[in-house]
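Some notes on the structure that comes next.
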Amino acid sequence: MHVIRTGLFGVNTIIVSAGEHKCFVVDPAACTLSGDSQKIVDYLHAKKLECVAIVLTHSHFDHITGILPIKEAFPNARVAIHEAEYSELQNPPGIMGESVIRFFGALELIKEVAKQPSAQISLKNGNKLSCLVSEKDCNSAEEYEQLCLSLGKWEVIHTPGHTPGSICLYNKEEETLISGDTLFAYGGYGRTDMYGGNEAQIYKSLALLKEKLPGKTKVYPGHDEFGFFLD
């Protein structure tokens, strides 16, 4: 797992291994407005990695503006987001997305977000990320099986509150959680005062994580410090 800070808000874009020379990318934020549009793709090429999927923890603009350059470099990489925000990425920015952009007064981002490709995979709570791979896009049955095995270690946990479709990704074997903006270091969590936010829901989501996951789980959030342990 490798973290690259990208985009206008310094999002923790996470590169996750999916077997030999394969990976999936979580929350690509690199864009022309931040001057780093090729940062993720350059890293993948330098490491000789093929991106097989792009997984979004939610649809806020600061987590999605790097989809396009990855799709241009890896056309078969499927874009996945929770079903509650799937419509936001069919003709971006969606209603919530535009509201949040206007909340920050960053209207130039509307055009940037509008360039992003649509999502192809609608995720649900409990899904394994093996649902992201298609046998027809693989060179062999062995490659498909390896991808399913690697991606299948990651489970989708629906954690609404910051947004209706916020998710975390949990790997029980590696005791690792990718938490997006649901959980930050020192007990912090994503703001709930924007369109789609819900304070009561995020408290429930945080309680769910505490109940479901062991304290030794290592957490990689969407911003700031990463690699800390769940309290």
Side-chain angles (χ1 to χ4, degrees), residues 1-82 85-86 88-93 97 101 106 108-121 123 129-134 136-139 143-144 146-147 150-151 154 167 169 171 176 178-181 220-224 226-227:
M1 185 177 297
H2 181 75
V3 177
I4 308 175
R5 287 214 167 99
T6 64
L8 294 169
F9 285 11
V11 166
N12 291 333
T13 293
I14 304 174
I15 315 297
V16 187
S17 174
E20 188 175 3
H21 303 302
K22 309 282 186 180
C23 71
F24 66 92
V25 177
V26 180
D27 291 351
C31 68
T32 55
L33 292 176
S34 51
D36 61 355
S37 61
Q38 294 301 309
K39 189 173 183 178
I40 301 168
V41 172
D42 286 348
Y43 174 83
L44 297 178
H45 284 159
K47 298 298 182 181
K48 296 182 172 57
L49 291 171
E50 177 188 352
C51 177
V52 299
I54 300 164
V55 184
L56 307 172
T57 62
H58 61 295
S59 62
H60 280 171
F61 69 87
D62 56 320
H63 289 250
I64 68 171
T65 48
I67 298 172
L68 179 59
I70 297 177
K71 283 286 286 182
E72 289 177 336
F74 305 96
N76 289 334
R78 287 180 170 80
V79 180
I81 193 166
H82 188 268
E85 291 177 38
Y86 185 80
E88 288 283 308
L89 284 186
Q90 296 315 297
N91 187 25
I101 289 171
E108 67 276 12
L109 279 162
I110 291 177
K111 289 184 178 180
E112 190 73 20
V113 171
K115 298 176 187 176
Q116 304 309 312
S118 300
Q120 295 123 322
I121 303 290
L123 297 171
L129 291 190
S130 49
C131 69
L132 303 179
V133 64
S134 170
K136 69 181 179 62
D137 291 331
C138 296
N139 295 316
E143 180 181 299
Y144 175 68
Q146 180 58 52
L147 278 173
S150 296
L151 292 169
W154 291 93
I167 61 169
L169 302 173
N171 186 318
T176 299
I178 297 173
S179 63
D181 286 3
Y220 290 79
H223 298 273
D224 303 320
F226 56 87

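Considering only residues two or more places apart in sequence or on other chains, Gln116 meets the side-chain hydrogen bond (donor to acceptor under 3.5 Å, both in side chains) condition with none of them. Taking the side-chain hydrogen bond (donor to acceptor under 3.5 Å, both in side chains) definition, one finds that Glu85 meets it with Ser59, Thr163, sequence neighbours left out. Under the rule for a salt bridge (charged side-chain N to carboxylate O under 4.0 Å, His left out), the partners of Glu50 that lie at least two apart in sequence or sit in another chain are Lys22. Taking Tyr43 as the reference, His2 meet the ring-ring contact (aromatic ring centres under 6.0 Å, His included) condition, with sequence neighbours excluded. Under the side-chain hydrogen bond (donor to acceptor under 3.5 Å, both in side chains) criterion, Thr176 pairs with no residue, sequence neighbours left out. The ring-ring contact (aromatic ring centres under 6.0 Å, His included) test applied to His58 returns His60, His63, His162, not counting sequence neighbours. Evaluation of the ring-ring contact (aromatic ring centres under 6.0 Å, His included) rule for Phe74 yields His45 as partners, not counting sequence neighbours. Every residue two or more places apart in sequence or in another chain that forms a side-chain contact (heavy atoms from CB on, under 4.5 Å) with Ala53 is listed here: Phe24, Leu132. In this view, Thr6 and Thr13 satisfy the side-chain hydrogen bond (donor to acceptor under 3.5 Å, both in side chains) rule, not counting sequence neighbours.
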Test side chain to side chain contact (heavy atoms under 4.5 Å, CB included) applied to Val16 and Asn171, step by step: CA-CA 11 Å; Val16 187; Asn171 186 318; over 6 Å; no
Checking side chain to side chain contact (heavy atoms under 4.5 Å, CB included) for the pair Trp154/Val55: CA distance, chi angles, key distance, verdict? CA-CA 11 Å; Trp154 291 93; Val55 184; over 6 Å; no
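Side-chain contact between Val113 and Ile64: present, with at least one pair of heavy atoms (C-beta onward) separated by less than 4.5 Å. In this structure, Cys51 and Cys23 have side chains that are in contact, with non-hydrogen atoms separated by less than 4.5 Å. Counting only heavy atoms from C-beta outward, the side chains of Val133 and Val52 never approach each other to under 4.5 Å.
Here the CD1-CD1 distance, from Ile40 to Ile14, works out to 11.0 Å after rounding to the nearest 0.5 Å. The CD1 atom of Ile121 lies 12.0 Å from the CG atom of Leu56; values are rounded to the nearest 0.5 Å. Between the CG atom of Leu169 and the CD1 atom of Ile178 there is a distance of 5.0 Å, given to the nearest 0.5 Å. For the atom pair CD (Gln146) and CG (Leu151), the distance works out to 9.5 Å, reported to the nearest 0.5 Å. Here the NZ atom belonging to Lys115 is positioned 13.5 Å from the CD1 atom belonging to Ile67, to the nearest 0.5 angstrom. Rounding to the nearest 0.5 angstrom, the gap separating the NZ atom in Lys136 from the CG atom in Asn76 is 7.0 Å.
The salt bridge (Lys or Arg N to Asp or Glu O under 4.0 Å) pairs that include a residue from residues 52-78 are Arg78-Asp137, where partners are two or more places apart or lie in different chains.
Screening Val11, Asp181, Ile81, Asp27 for a side-chain contact (heavy atoms from CB on, under 4.5 Å) with Thr57, the sole residue that qualifies is Asp27.
Side chain of Arg5 to main chain of His223: no donor-acceptor pair is present (N/O by atom type, distance under 3.5 Å, no hydrogens or angles).
Across every non-hydrogen atom of Pro93 and Ile110, the tightest pair is CD-O, 3.9 Å. Of all heavy-atom pairs spanning Asn12 and Pro221, the tightest one is ND2-O, 3.0 Å.
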For residues 29-38, tabulate all N or O donor-acceptor pairs below 3.5 Å that involve a side-chain atom, not counting sequence neighbours.
from: Thr32; atom 1: OG1; to: Glu112; atom 2: OE1; distance (Å): 3.0
from: Thr32; atom 1: OG1; to: Glu112; atom 2: OE2; distance (Å): 3.2
from: Ser34; atom 1: OG; to: Cys31; atom 2: N; distance (Å): 3.4
from: Ser34; atom 1: OG; to: Cys31; atom 2: O; distance (Å): 3.2
from: Ser34; atom 1: OG; to: Asp36; atom 2: OD1; distance (Å): 2.6
from: Asp36; atom 1: OD1; to: Cys31; atom 2: N; distance (Å): 3.0
from: Asp36; atom 1: OD2; to: Gly7; atom 2: N; distance (Å): 2.9

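In the displayed structure, Gln90 atom CD is contacted under 6.0 Å by more than 12 heavy atoms of other residues, nucleotides or ligands.
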